[in-house]
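Residue numbers count from 1 along this sequence. Order of appearance sets the numbers: ligands from 1, and atoms from 1 within every ligand.
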Amino acid sequence: MNPNQEDLRHRLEALGFDDVRFAAVPPSPSLPDEAAALHRWLADGMQADMQWMERTADKRTTPDLVLPGARSVIMLGLSYWHDDLRARPSPSSPAWARYALYEDYHDTLTPALAAAGRVLEEMYGIGPRDYRYYVDTGPVLERSWAARSGLGFVGKNAMLISRRHGNWLFLAALITPLAFTPDPPLERSGSDDPVPGIGLLCGTCTRCLDACPTQAFAAPGVVDARRCISYQTIENKGIIPRELRPGIGNRIYGCDICLEVCPWNRFAQDGRLMLLSARYDLAGLTLDALLALTPDRFAEVFRRTPIKRLKLTGLLRNACVVAGNSGDRSLLPAVVALATSHASALVRAHAVWAVSRLGGGAGLAAARERETDPMVLAEYELSA
Ligand code: B12
Ligand code: SF4
Ligand code: SF4
């Protein structure tokens, strides 16, 4: 045992990390089973257009390729549960991914990770170039390392689920050249599986698999990003496939459906670090207000949030899909205005769909005559 390991754990917890666990880096290939699973996922095209996943696949399972001489990965869990934060205050409100109701976690947590690095430097006499830290920002298969370290298990919903926090945990990784005694992975009593399997503590539950409205699970624990609302509303910068739009329902940005139904969330506790950057105002935004956003208002409301990266056109695209699913004809003037006069063809295309779903297609005859963009014209054709 590294003599200072427990001190280090306590000092990292004192920085606000809700759980701190150690995993040892085995000799290369470090995670052969997970690497095989990742390569199968990529070969099946489930990464959609996230080409960066392909480019960095080997690094994700082999810390030595990220930091030569890596001997341990310290996995940090950060709860973003907060009892008072409602991702959907009323059934008719647009629903946001819970993590989006905070300032961007990449920005919020990076200073805490930098402070964690300084603790390593101070305790072990290493320099700032001797370790790496990431929170969704680097080539690390975070859930696999977290499962290795016993931070939790990978559920059938593909999430790393903690016994102490449920699903609502961000994961961060510190890759170090230092040797620590690894924490044991979780075990199912009576099982001697060497690798903690997917759904280890799910039992016979299948709530998440059953609840996914777009059938995005190719298998338990395996998400096909092409069908996942999270991918479609955040990562995809282009057209959202028509067949998926109805399943998106009122999800305006990201999706937590397979997280929300998980019974392990009954253990969720308020996160300490994230609480400081909660944006209570966002969940109260009405669809009307979102459909009427101007560039200035967008910049003002979504400053410092992860939503700013989607840009106004992306958010309006999503708002049109939610409007089309709402059945609320009072939104027709707003979507007609977007369909007829918005500068972005992407927005016009989704607005045409929304108008047609709300039964107002006749109001677009003149706009259709003027339209020249092939993507929008295709929407008119298919919505007729
Ligand atoms: C790409 C990505 C996405 C994609 C693809 C999702 C996916 N399931 O892969 C999209 C855009 C769809 C997405 C959505 C979301 N994401 Co995301 N995403 C990532 C990212 C960048 C890479 C994930 C990845 O490598 N996927 C490839 C697949 C193959 O890997 P995997 O899902 O991790 O599965 C591995 C484990 O299951 C492991 N494994 C575990 N046990 C076992 C056992 C055996 C026997 C084997 C063989 C393998 C195995 O092997 C697999 C890899 O081979 C990570 C950050 C990171 N660097 O890891 C965040 C991350 C996974 N996302 C996160 C979050 C919060 C979300 C959303 C909830 C956001 C939202 N509300 O909209 C959704 C949840 C969707 C879901 N149910 O997974 C968090 C998850 C935190 C947690 N507690 O698990 C992460 C870790 C970011 C972070 N730092 O906090 N995401
Ligand atoms: S995040 Fe939503 S769409 Fe994606 S797998 Fe989970 S329930 Fe399905
Ligand atoms: S909802 Fe049920 S099956 Fe899905 S991850 Fe949670 S416990 Fe496992």
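One side chain, Thr176 or Ser72, offers a donor N or O that lies under 3.5 Å from an acceptor on the other. Side-chain contact, Asn325 with Arg357: a donor N or O sits under 3.5 Å from an acceptor N or O. Counting only N and O atoms by type, the side chains of Tyr131 and Glu121 include a donor and acceptor under 3.5 Å apart. Side-chain polar atoms of Asp58 and His39 form a donor-acceptor pair below 3.5 angstrom. With 3.5 Å as the limit, one finds a donor-acceptor pair spanning the side chains of Asp210 and Thr206. Using modelled atom types, one finds no donor on one side chain facing an acceptor on the other under 3.5 Å when comparing Asn236 with Asp49. A donor-acceptor pair shorter than 3.5 Å cannot be found between the side chains of Asn4 and Tyr124.
The Thr214 neighbourhood of ligand 2 comprises atoms 3 (S), with distances under 4.0 Å to a heavy atom of that residue. Residue Cys228 has at least one heavy-atom neighbour below 4.0 Å for each of these atoms of ligand 1: 12 (C). For ligand 2, the atoms closer than 4.0 angstrom to any heavy atom of Ile257 are 7 (S). For ligand 1 and Asn167, the ligand atoms under 4.0 Å from any heavy atom of the residue are 83 (N). Within the listing of ligand 1, atoms 77 (N) sit less than 4.0 angstrom from a heavy atom of Cys258. Of all atoms in ligand 1, numbered sequentially from 1 with element shown, those under 4.0 Å from a heavy atom of Arg60 are 57 (N). Close approach of ligand 1 to Glu34 is summarised as follows: ligand atoms under 4.0 Å from at least one heavy atom of the residue are 38 (C), 39 (N), 48 (C), 49 (C), 50 (O), 52 (C), 53 (O). Shown in contact with Gly254 at under 4.0 Å from a heavy atom are these atoms of ligand 1, numbered in order with element: 72 (O).
Among protein heavy atoms, the minimum distance from atom 8 (Fe) of ligand 2 is reached at Cys212 SG, 2.4 Å. Of the protein's non-hydrogen atoms, Cys255 SG, 2.3 Å is the one closest to atom 2 (Fe) of ligand 2. Atom 4 (Fe) of ligand 2 has its closest protein heavy atom at Cys228 SG, 2.4 Å. Ranking protein heavy atoms by distance to atom 3 (S) of ligand 2, first place goes to Ile229 N, 3.2 Å.
Connection of Tyr280 to Trp168 is established within a shared hydrophobic cluster, with ILVMFWY side chains joined at heavy-atom distances below 4.5 Å, either directly or through further cluster members. A single hydrophobic cluster is not seen to contain both Val261 and Leu169; linkage of ILVMFWY side chains at heavy-atom distances under 4.5 Å, directly or through other members, places them apart. Side-chain heavy atoms closer than 4.5 Å link hydrophobic residues (I, L, V, M, F, W, Y) into clusters, and following such links, possibly through other members, connects Phe298 to Leu101.
With a heavy-atom cut-off of 4.0 Å, Arg98 does not touch ligand 1 at all. Under 4.0 angstrom from ligand 1, the non-hydrogen atoms of Tyr99 all belong to its side chain. In Thr61, neither the side chain nor the backbone holds a heavy atom less than 4.0 Å from any atom of ligand 1. Looking at Phe170 against ligand 1, both its backbone and its side chain come within 4.0 Å, counting heavy atoms. Contact annotation: for Met46 versus ligand 1, there are no heavy atoms closer than 4.0 Å. When heavy-atom distances to ligand 2 are checked against a 4.0 Å cut-off, Phe217 comes that close only through its side chain, counted from C-beta outward. Counting heavy atoms under 4.0 Å from ligand 1, residue Val140 touches it through the backbone alone. With a heavy-atom cut-off of 4.0 Å, Val154 touches ligand 1 through its side chain alone. Contacts between Ile161 and ligand 3, counted as non-hydrogen atom pairs separated by less than 4.0 Å, involve the side chain only.
Checking only distances, Leu169 does come within under 3.5 Å of ligand 1, N or O to N or O. The N/O atoms of Ala147, backbone and side chain alike, include none that comes under 3.5 Å of an N/O atom in ligand 1. Residue-to-ligand polar distances place Cys255 within reach of ligand 1: an N/O pair is separated by less than 3.5 Å. At a 3.5 angstrom cut-off on N or O pairs, Leu38 counts as close to ligand 1. Where the criterion is an N or O separation shorter than 3.5 Å, residue side chain and backbone included, Tyr80 fails it with respect to ligand 1. Considering both main-chain and side-chain atoms, Tyr231 never comes within under 3.5 Å of ligand 1 through any nitrogen or oxygen pair.
Under the 6.0 Å distance and 45° angle rule, Arg163 does not count as a cation-pi partner of Trp264.
Other residues, nucleotides and ligands place more than 12 heavy atoms under 6.0 Å from the CZ atom of Arg368. Enclosure of atom NZ in Lys308 by more than 12 non-hydrogen atoms of other residues, nucleotides or ligands within 6.0 angstrom is indicated. Within 6.0 Å of CD on Glu300 lie more than 12 heavy atoms contributed by other residues, nucleotides or ligands. Annotation for Arg303: atom CZ does not count as buried by contact number, only 12 or fewer foreign heavy atoms lying within 6.0 Å.
Panel note: side chain Glu142, backbone Ala172; no donor-acceptor pair is recorded below 3.5 Å. Judged by distance alone, with hydrogens and angles left aside, the side-chain atoms of Arg245 form a donor-acceptor pair with the main-chain N or O of Ile240 at under 3.5 Å. Panel note: side chain Tyr102, backbone Tyr80; a donor-acceptor pair is recorded below 3.5 Å. Looking at Arg317, its side chain never comes within 3.5 Å of a backbone N or O of Val347 through a donor-acceptor pair.
Looking only at side-chain heavy atoms (C-beta outward), Leu358 and Ser326 come within less than 4.5 Å of each other. Looking only at side-chain heavy atoms (C-beta outward), Leu8 and Leu120 come within less than 4.5 Å of each other.
Comparing Glu260, Arg143, Gln232 against atom 6 (C) of ligand 1, the shortest heavy-atom distance belongs to Arg143. The closest heavy-atom contact to atom 82 (C) of ligand 1, among the options Met159, Gln47, Glu235, comes from Met159. Considering each of Asp224, Leu171, Ile229, the one bringing a non-hydrogen atom nearest atom 90 (O) of ligand 1 is Leu171. Of the listed residues (Glu142, His165, Arg148), the one carrying the non-hydrogen atom nearest atom 56 (C) of ligand 1 is Glu142.
Excluding waters, the protein N/O/S atoms found under 2.8 Å from atom 4 (Fe) of ligand 3 are Cys208 SG.
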